[in-house]
Amino acid sequence: MESKSIFLPSLEEPQRHVEYYLDDGNVIFQVEATLFKVHRFFFVRHSELFRSMFSLPSGDGKKEEGQCDEHPIHLPIVTAQDFENFLWIFYAPNFGEYVAPVEKWCSILGLATRWEFDGIRSLAIRKLNEFPDGDIPPVDRLVIAHRFQLEDWLLKPYVSLVCRPAPLTVDEGKKLGLEDVILLCRAREEIKHREQLLDRNQEIYYGTRVNEPLIERQSVWNAVAHLLGIPEIVVSSRGNTQ
């Protein structure tokens with residue numbers, strides 16, 4: 001391969017990014033119609049993909065890409081906003097202090113996954129895990145889990161959707177896709193069947209229904225885990241998994 005660019009340039013006249021066109025930068029990227037001049041060091045150090053790309057020869061008689069505005073390195077299938085979010089990791093005002101909304105971390109996680117920045121991928125996942133359940137609805141958690149192969153994220157939102165009284169909305173079903181919708185329907189039916197059996201057995205043995213929330217909670221988690229094909233877990237009295 002003789003060229004680093006694998007993407008046709010935008011037809012718009014490129015403009016320099018206000019914040020991330022640095023005087024002392026040593027590589028220029030074009031994303032959509034925006035030019036970014038940053039430090040190659042970060043890309044070489046943290047990504048095998050970029051390390052390999054920068055090791056490619058520029059080709060006989062060709063000006064090396066990434067050294068001037070007229071010959072930038074074009075990044076494929078990326079938005080300027082996503083790339084700006086990604087660069088924020090390297091150039092955060094307070095290095096090591098990363099506070100951002102869910103959407104920004106998902107944007108960063110997307111590029112870190114695509115470009116094999118394993119350390120930044122781990123950071124983004126860790127930061128997303130810090131958000132309380134209320135900040136990331138169950139359907140969105142499942143979408144994120146599937147998109148970025150986060151297997152540890154699957155069980156909890158599945159259980160939340162199985163146990164909630166309301167069925168999936170049309171919009172939620174579109175987000176999740178047919179496979180997840182079918183899986184959730186099967187799980188809801190199985191839990192409903194188990195509850196009916198539990199009620200019937202309690203009536204037979206005790207003459208009335210006995211309140212056993214921990215047993216019921218454990219049953220729900222394990223039923224969903226069984227449908228997902230993942231190991232069953234132990235649920236504490238506070239609803240936490242162990």
Side-chain angles (χ1 to χ4, degrees), residues 49 75-79 81-83 85-86 100-199 213-236 238-242:
L49 185 69
L75 298 178
I77 320 173
V78 180
T79 69
Q81 182 61 63
D82 282 341
F83 194 54
N85 292 341
F86 190 77
V102 171
E103 294 76 16
K104 188 167 184 175
W105 284 117
C106 286
S107 169
I108 293 167
L109 179 57
L111 293 189
T113 301
R114 180 186 302 174
W115 291 337
E116 301 175 13
F117 283 80
D118 295 338
I120 296 176
R121 173 181 161 86
S122 296
L123 171 66
I125 293 171
R126 188 164 66 251
K127 288 298 184 179
L128 285 169
N129 276 325
E130 293 175 0
F131 284 93
D133 292 344
D135 288 358
I136 310 178
V139 169
D140 291 338
R141 281 188 178 271
L142 280 180
V143 171
I144 293 170
H146 287 313
R147 180 182 175 190
F148 301 116
Q149 299 84 50
L150 306 179
E151 294 186 3
D152 292 345
W153 273 44
L154 291 172
L155 187 54
K156 193 170 185 178
Y158 271 128
V159 170
S160 296
L161 293 171
V162 166
C163 293
R164 79 179 192 185
L168 291 174
T169 66
V170 173
D171 288 340
E172 289 174 333
K174 290 179 179 178
K175 281 186 178 181
L176 291 173
L178 181 60
E179 183 176 349
D180 266 341
V181 170
I182 293 174
L183 180 62
L184 286 166
C185 289
R186 288 177 56 199
R188 287 172 72 94
E189 287 300 315
E190 182 163 337
I191 297 306
K192 182 179 179 181
H193 177 65
R194 291 190 182 203
E195 289 177 345
Q196 291 172 344
L197 288 177
L198 181 62
D199 287 343
L214 178 56
I215 294 176
E216 293 180 2
R217 187 183 302 118
Q218 182 74 63
S219 177
V220 170
W221 283 78
N222 287 344
V224 177
H226 175 71
L227 286 171
L228 288 172
I230 59 179
E232 294 186 354
I233 57 172
V234 176
V235 182
S236 71
R238 295 182 179 181
N240 299 321
T241 60
Q242 301 176 354

**Nearest-0.5 Å distance that lies between atom CG in L128 and atom CG in L150** = 8.0 Å
**Message:** Tell me whether E130 at atom CD has more than 12 heavy atoms from other residues, nucleotides or ligands lying less than 6.0 Å away.
**Reply:** yes
**Item:** side chain to side chain donor-acceptor pair (under 3.5 Å) partners of N129, counting only residues at least two apart
**Value:** W153
**Request:** Using a cut-off of 6.0 Å, state whether more than 12 heavy atoms not belonging to R186 lie near its atom CZ.
**Result:** no
**Fill in**
Residues I108 and A124: closest non-hydrogen pair is CG2-CB, 4.4 Å
**Fill in**
Sorted by chain and number, sequence neighbours left out, side chain to side chain donor-acceptor pair (under 3.5 Å) with D133 holds for K156
**Request:** Begin with the C-alpha distance, continue with both residues' side-chain angles, and end with the deciding distance and a verdict on side chain to side chain contact (heavy atoms under 4.5 Å, CB included) for L176 and L184.
**Result:** CA-CA 10 Å; L176 291 173; L184 286 166; 3.8 Å; yes
**Message:** Do Y158 and L183 have side chains that approach each other closer than 4.5 Å (heavy atoms only, starting at C-beta)?
**Reply:** yes
Run the side-chain donor-acceptor check on residues 134-143: report pairs under 3.5 Å with partners two or more places apart or on a different chain.
| residue | atom | partner | partner atom | Å |
| --- | --- | --- | --- | --- |
| D140 | OD1 | K175 | NZ | 3.1 |
| R141 | NE | I136 | O | 3.3 |
| R141 | NH2 | F131 | O | 3.3 |

Please report, to 0.1 Å, the donor-acceptor pairs under 3.5 Å made by any side chain of residues 109-116, with sequence neighbours excluded.
| residue | atom | partner | partner atom | Å |
| --- | --- | --- | --- | --- |
| T113 | OG1 | L109 | O | 2.8 |
| T113 | OG1 | R121 | NH1 | 2.8 |
| R114 | NH1 | I77 | O | 2.6 |

**Item:** Qualifying residues under side chain to side chain donor-acceptor pair (under 3.5 Å), relative to R147, sequence neighbours excluded
**Value:** none
**Item:** Where H146 and L154 come nearest, the two heavy atoms and their spacing
**Value:** CE1-CD2, 3.6 Å
**Request:** Please report the closest heavy-atom contact between N85 and K104, naming both atoms and the distance.
**Result:** OD1-CE, 3.8 Å
**Request:** Find the distance between CG (L155) and CG (D152) and round it off to the nearest 0.5 Å.
**Result:** 10.0 Å
**Item:** Contacts of type side chain to side chain donor-acceptor pair (under 3.5 Å), residue T79, not counting sequence neighbours
**Value:** D82
